[in-house]
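Below, read A as the first sequence line, B as the second, and so on, with proteins coming before strands; counting in each chain starts at 1. Just so it is clear, the structure is predicted and the values come from calculations on it, not from any experiment.
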Protein chains: 2
Amino acid sequence: MNPVKVGLLGLGTVGGGTLNVLTRNADEIARRAGRGIQITHAAAKQYDPSQLIGLESVEVTDDAFSVVENPELEIIIELIGGYTPARELVLKAIENGKHVVTANKALIAMHGNEIFEAAQQKGVMVAFEAAVAGGIPIIKAVREGLAANHIEWIAGIINGTGNFILSEMRDKGREFADVLKEAQALGYAEADPTFDVEGIDAAHKLTILGSIAFGIPLQFEKTYTEGITKIEPQDVEYADQFGYRIKHLGITRKTETGIEMRVHPTMIPRRRLIANVDGVMNAVLVKGDAVGPTLYYGAGAGSKPTASAVVADVVDVVRMLTTDPENRVPHLAFQPGKLVDLAILPIEEVETTFYLRMQVIDRPGVVAKIASILAESHISIEAIQQKEPNEGDNTVPLVMLTQKVIEKQLNKAIAEIEQLETVFGQVMRIRVERLDG
Amino acid sequence: MNPVKVGLLGLGTVGGGTLNVLTRNADEIARRAGRGIQITHAAAKQYDPSQLIGLESVEVTDDAFSVVENPELEIIIELIGGYTPARELVLKAIENGKHVVTANKALIAMHGNEIFEAAQQKGVMVAFEAAVAGGIPIIKAVREGLAANHIEWIAGIINGTGNFILSEMRDKGREFADVLKEAQALGYAEADPTFDVEGIDAAHKLTILGSIAFGIPLQFEKTYTEGITKIEPQDVEYADQFGYRIKHLGITRKTETGIEMRVHPTMIPRRRLIANVDGVMNAVLVKGDAVGPTLYYGAGAGSKPTASAVVADVVDVVRMLTTDPENRVPHLAFQPGKLVDLAILPIEEVETTFYLRMQVIDRPGVVAKIASILAESHISIEAIQQKEPNEGDNTVPLVMLTQKVIEKQLNKAIAEIEQLETVFGQVMRIRVERLDG
């Protein structure tokens, strides 16, 4: 089957990331989607070819309207941002019978009702997972994964810039203005940071979350918006003394009198998982009546994370175009004919780091002997600690962390150590994962 | 349109929860799905009618095969568990052209390849979101939300019983056997806890996660499984001294030599979000090459949380049966004609608790005056603290937490407080949310 041809509007941070992800993961994505996906046309006023992979097969123009008019294209990805001309381009693409994927939260929050109506009339999809919380599939979670629930409330850290600033203020006792400057230098905040620090960006996203939670029309103008510019270091400190942290939250809740829609600095108990989401990361906490609280965490912005959500939406469209509705999502994510029989490693072949605990005689030379057995097996020790002696005998627990080692190699060394007269019983071993790779 | 008729196999914990959620949230679910969903037939050997809502419109039989043979039913929900007769029932339902929703991790991990092939041949859906991590929509996240990514690894706390035991061991320094007994008394662990504490249940789930992450056939027998029964309180303590926590993780990773599939106790850095997932809660950390790390957290078991996932799958099937593929998931989660125009509350009408900070003269009677203004406005104070005096003047910061109050009521009181000669500048206010309601 020929690849689905896609037009891309915008080759900036997210547009470039989308082209790169689609190019780099092309095979794997096609195995999932059931068909190749090819960006053949793109529109951009200016772009940096050195940052783009796969640009050679893309025809680039500075006329975005020529892309949405191109009859070859089945899907348009809108990554220009802002209201105009994004609205006109999206409506024109829909009018031309094209499916639309967008990351444009401002556009959806402000003109979503109009755009969705046009799409329904025309029978095309408009997908916008990337508009809220970047790479976190929160739209899918709420619209589909939690469809059984009466949603009670949603509270989200949905602006990474604001969260970075508040995290730094807390960690280092710094002033707002000072951290903002650093965020700008690091590229986390725009030269004009108003949208982020005054909560407007978060309010766009919250407007969307509130609508999909409660089934109400999008009403950005009714969302209360308050920024973080007035938070003082002393507030951060006093909050901590009360057992709280200050986060810039978007909150929507259904009450007996109406729907709350509000973005503002919020003190939350620091023992909550969401209170520990720091730096530029996003997280959304959703309370459903059946499921209880669920949390979704990940990168809320950035080139590749946002591209992840954009391309997931494109895959959704392509699966719809390509497969029967019953087989829309393959059981094992990849199309049935496209599974691969990769070897599954026996545990002996797995490489990891280890915690080891053994009970040894408290006597000079014992530790040296154990260390030398490990060294002979080419096992490096990262940390070693002799603990307090056991009462009533002359043995002590010896614990250590190794560096990475293939398990069968460790097993051999441990067998040798367990043979020593100075070591009692078996060596306890627990695998260690840093979960940062 | 007539409701979709559904047959339910099993009226135990999850089966009962499914009936209850479908009954209680019937209207809201129909507004999302585009059509009513009615359980008309159920099979159960024994059940407790006092725990079931909506049972009056269900025909209950003890012959499960009669349900899967019933030509009226379009969807079968299998919640019996185990291999037999679940496998035979599911295959028969597929043969009869019915869509199947199951929460049966053992069945999918062991017989999924066979079941999926039968479903593809017959053109029916087999959905199993509830099989992994209960109410957390992790299957949907990996199969759809992260479809753009090359998945690098997944690490999950996917057995609540084991996590409860390890959390208690850490918090209270207790022994494994001791906590296990409590977990059994609380109903978190079965009388025979083997499946949970030896990691077999987690291995079933990990097998499924590995397959959807990497596109490999299900191979439960190759998943390495090690339980938590040998963990000693001293290991928990020593891990903490190294900056780690011990969690029972399911880990699958793609390496150059093959796929790792392993369930075992694992030491992870305690600053990771997933290290702070305690009690019976589940969480799955997924690392994609584009999106980076994402985490999904929620209840991994229990009647209503598991029902949440089962019913979400049923909604998926019904949306497929009922709407055009382009309109499968409504833009705002609810069908276009089924949005409601609920009032959005102005911020002045929102009720919440507040942190207040004000700069006051350090003199007897000042605090009493402020407290009396709040009392007259019927605002209760939960905590109040006078901080260290500022250097160089005779003022001190006064901070407090209020109890719940309607915002406009608070505003009035604050305006009065700001008029006092003993209070300098404006009163800082930050809303407080406990996020536990």
Does a salt bridge link [X] with [Y], judged by any charged N lying under 4.0 Å from a carboxylate O?
X: Lys247(A); Y: Glu433(B); value: no
X: Glu226(A); Y: Arg429(B); value: no
X: Glu144(B); Y: Arg328(A); value: yes

Measuring only between side-chain heavy atoms, which start at C-beta, is [X] closer than 4.5 Å to [Y]?
X: Arg431(B); Y: Met267(A); result: no
X: Ile430(B); Y: Ile246(A); result: yes
X: Tyr238(A); Y: Pro397(B); result: yes
X: Tyr355(A); Y: Phe242(B); result: yes
X: Glu326(A); Y: Val124(B); result: no
X: Leu273(A); Y: Val277(B); result: yes
X: Glu260(A); Y: Thr352(B); result: no

Chain B contacts, top residue of [options] (heavy-atom pairs, under 4.5 Å):
options: Thr353(A), Leu342(A), Val142(A); value: Leu342(A)
options: Val314(A), Ile212(A), Val317(A); value: Ile212(A)
options: Pro293(A), Ala307(A), Ala309(A); value: Pro293(A)
options: Asn327(A), Asp341(A), Asp316(A), Val315(A); value: Asp341(A)
options: Thr257(A), Leu285(A), Thr255(A), Leu249(A); value: Thr257(A)
options: Lys222(A), Arg24(A), His150(A); value: His150(A)

Residue part contacting chain B, namely of Ile37(A), when any heavy atom lies under 4.5 Å
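For Ile37(A), no heavy atom lies under 4.5 Å from chain B.
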Answer with side chain, backbone, both or neither: which region of Tyr297(A) has an atom nearer than 4.5 Å to a non-hydrogen atom of chain B?
both
Looking only at non-hydrogen atoms, find the nearest pair between Arg31(A) and Phe214(B) and report the distance.
NH2-O, 4.0 Å
Minimum heavy-atom separation for Val291(A) and Ala299(B), please, with both atom names.
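Answer, listing the atom of Val291(A) first, then Ala299(B): O-CB, 4.0 Å.
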Apply side chain to side chain donor-acceptor pair (under 3.5 Å) to Asn276(B) and list each qualifying residue two or more places apart in sequence or on a separate chain.
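Arg245(B).
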What residues form a side chain to side chain donor-acceptor pair (under 3.5 Å) with Lys304(A), not counting sequence neighbours?
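Expected list: none.
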[X] versus chain A, the contacting section by heavy-atom distance below 4.5 Å:
X: Phe334(B); value: side chain
X: Lys287(B); value: side chain
X: Arg271(B); value: neither
X: Asp235(B); value: both
X: Arg272(B); value: side chain
X: Ala275(B); value: neither
X: Phe354(B); value: neither
X: Ile274(B); value: side chain
X: Ile231(B); value: both

Nearest-0.5 Å distance, [atom1] of residue [X] to [atom2] of residue [Y]:
X: Leu332(B); Y: Ile216(A); atom1: CG; atom2: CD1; answer: 9.0 Å
X: Met281(A); Y: Thr294(B); atom1: CE; atom2: OG1; answer: 8.5 Å
X: Asp289(A); Y: Ser308(B); atom1: CG; atom2: OG; answer: 8.5 Å
X: Leu339(A); Y: Leu218(B); atom1: CG; atom2: CG; answer: 8.5 Å
X: Ile138(B); Y: Tyr296(A); atom1: CD1; atom2: OH; answer: 9.5 Å

Mind ranking [options] by heavy-atom pairs under 4.5 Å with chain A and telling me who comes out on top?
options: Ile108(B), Leu401(B), Ile136(B); result: Leu401(B)
options: Glu351(B), Lys140(B), Gln385(B), Met125(B); result: Lys140(B)
options: Gln219(B), Glu152(B), Lys254(B); result: Gln219(B)
options: Met261(B), Glu232(B), Glu129(B), Met428(B); result: Met428(B)
options: Ala290(B), Pro137(B), Ala213(B), Gly112(B); result: Ala290(B)
options: Ala147(B), Gly298(B), Ala312(B); result: Ala147(B)

Under 3.5 Å, is there a donor-acceptor pair between the Asn25(A) and Asn149(B) side chains?
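Note: Asn25(A) and Asn149(B) side chains miss the donor-acceptor criterion.
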Is atom CD of Gln426(A) surrounded by more than 12 heavy atoms (other residues, nucleotides or ligands) closer than 6.0 Å?
no
Which is it for Gln241(B) and Lys387(A) under the side-chain hydrogen bond (donor to acceptor under 3.5 Å, both in side chains) test, yes or no, and what are the steps along the way?
CA-CA 11 Å; Gln241(B) 290 168 7; Lys387(A) 301 290 182 182; 2.2 Å; yes
Run the numbers on Thr223(A) and Ile344(B) for side chain to side chain contact (heavy atoms under 4.5 Å, CB included), then give the verdict.
CA-CA 8 Å; Thr223(A) 297; Ile344(B) 294 181; 5.9 Å; no
Heavy-atom donor-acceptor pair, Trp153(B) side chain to Leu435(A) backbone, under 3.5 Å:
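No; zero donor-acceptor contacts below 3.5 Å.
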Using the six-membered ring wherever Trp is involved, compare the ring planes of His331(A) and Phe116(B) and label them parallel, tilted or perpendicular (cut-offs 30° and 60°).
parallel
